[in-house]
Amino acid sequence: MTLKSFSATHFQYQAGDTLGKMCCLVSLLPYIIGVMLATWFLGFRNVETVVLGMGVIINDLINIILKNTIKEERPSGTGLDDVSYGMPSRHAQFTTFACVFLMLKTPLRKKTALLHLFLLSTSLFMAFARVYLQYHTIFQVVVGCLVGVIFALFWYPLSKYLSRSRILIKLTKLASEMLDIVIGTQWEPSAESKQN
């Protein structure tokens with residue numbers, strides 16, 4: 001079996017395997033979401049973005065702690081055996097957390113049904129991709145998804161409280177002012193940011 005590295009990453013798929021290539025592309029989603037969050041904060045500079053970013057970071061820290069506590073190896077032959085443990089799947093946990101959080105943030109209605117279907121499909125395809133690419137066992141992916149769902153269900157109500165926290169609002173404003181100094185621009189808050 002000949003493995004081919006996905007150029008911008010170390011994701012591998014069998015040469016000529018179109019589904020494998022698609023699985024590698026979806027595996028980039030955590031990086032894309034990270035860039036989107038940073039861009040979103042730079043553009044809107046609101047406390048909700050900071051709170052979501054905090055949730056992403058804490059979710060990732062939970063994954064690191066679980067991996068280093070459980071210490072379950074990845075399936076053999078992945079080439080990642082020496083990089084990190086496999087339980088739980090970080091990609092499955094991250095994507096499920098982000099998708100469930102966004103689904104909770106946008107209640108299911110006729111207008112949002114397509115978005116919910118897209119988010120659910122994205123989360124399921126990520127789980128499939130991690131098993132298909134043989135980076136994780138089915139059980140490692142299922143546990144990653146469960147941890148992501150549980151943390152999203154915990155973080156969403158907490159995020160509503162944190163978004164109204166005066167300290168966090170002041171810290172967000174301070175971070176915004178520091179960015180103005182670093183970037184050399186003067187930011188004008190959006191109507192949404194002015195409400196906070």
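All values below were derived from every heavy atom in this structure, side-chain atoms included, with hydrogens, water molecules and symmetry-related copies excluded.
Under a cut-off of 6.0 angstrom, the local environment of CG in L114 is sparse, with at most 12 non-hydrogen atoms contributed by other residues, nucleotides or ligands. Counting non-hydrogen atoms of neighbouring residues, nucleotides and ligands closer than 6.0 angstrom, the CG atom of L146 exceeds 12 such neighbours.
No single ILVMFWY cluster, assembled from side-chain heavy atoms under 4.5 Å apart, contains both L124 and V131. In the hydrophobic clustering of ILVMFWY residues, with side-chain heavy atoms under 4.5 Å counting as a link, V142 and F125 come out apart. One hydrophobic cluster holds both I70 and I62 under the rule that ILVMFWY side chains link at heavy-atom gaps under 4.5 Å. Connection of Y156 to I150 is not established within any shared hydrophobic cluster, with ILVMFWY side chains joined at heavy-atom distances below 4.5 Å, either directly or through further cluster members. Linking Ile, Leu, Val, Met, Phe, Trp and Tyr residues whenever their side-chain heavy atoms come within less than 4.5 Å places L158 and V51 in a single cluster.
Considering only heavy atoms from C-beta on, H91 stays 4.5 Å or farther from Y135 through its side chain.
Across all their heavy atoms, T112 and P107 have their closest contact at OG1-O, 2.8 Å. Closest approach of P88 to K67, counting heavy atoms only: O-NZ, 3.1 Å. Heavy atoms only, all atoms of each residue included: V141 and A127 are closest at CG1-CB, 3.2 Å. Annotation for M54 and W155: closest pair CB-CZ2, 3.9 Å, computed over non-hydrogen atoms. A152 and V100 make their closest contact through CB-CG1, 3.6 Å (heavy atoms, listed as atom of the first residue, atom of the second, distance). Between N59 and F94, the shortest heavy-atom distance links the atoms ND2-CA, 3.6 Å.
Without hydrogens or angle criteria, H116 side chain to T106 main chain gives a donor-acceptor distance under 3.5 Å.
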task: Could you please spell out the steps behind the side-chain hydrogen bond (donor to acceptor under 3.5 Å, both in side chains) verdict for T96 and S123?
output: CA-CA 5 Å; T96 304; S123 187; 2.9 Å; yes

message: L104 vs L153, test: side chain to side chain contact (heavy atoms under 4.5 Å, CB included). Steps then yes/no.
response: CA-CA 8 Å; L104 292 168; L153 292 173; 3.9 Å; yes

task: Walk me through it: do F118 and C99 pass the test side chain to side chain contact (heavy atoms under 4.5 Å, CB included)?
output: CA-CA 9 Å; F118 172 75; C99 290; over 6 Å; no

message: Evaluate V147 against N63 for side chain to side chain contact (heavy atoms under 4.5 Å, CB included), listing each step before the verdict.
response: CA-CA 8 Å; V147 173; N63 184 273; over 6 Å; no

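A side-chain contact (heavy atoms from CB on, under 4.5 Å) with Q140 is found for one member of R90, E72, Q93, R130 and no other, namely E72.
Taking the six-membered ring for Trp and thresholds of 30 and 60 degrees, F151 and F154 have ring planes inclined between 30 and 60 degrees apart.
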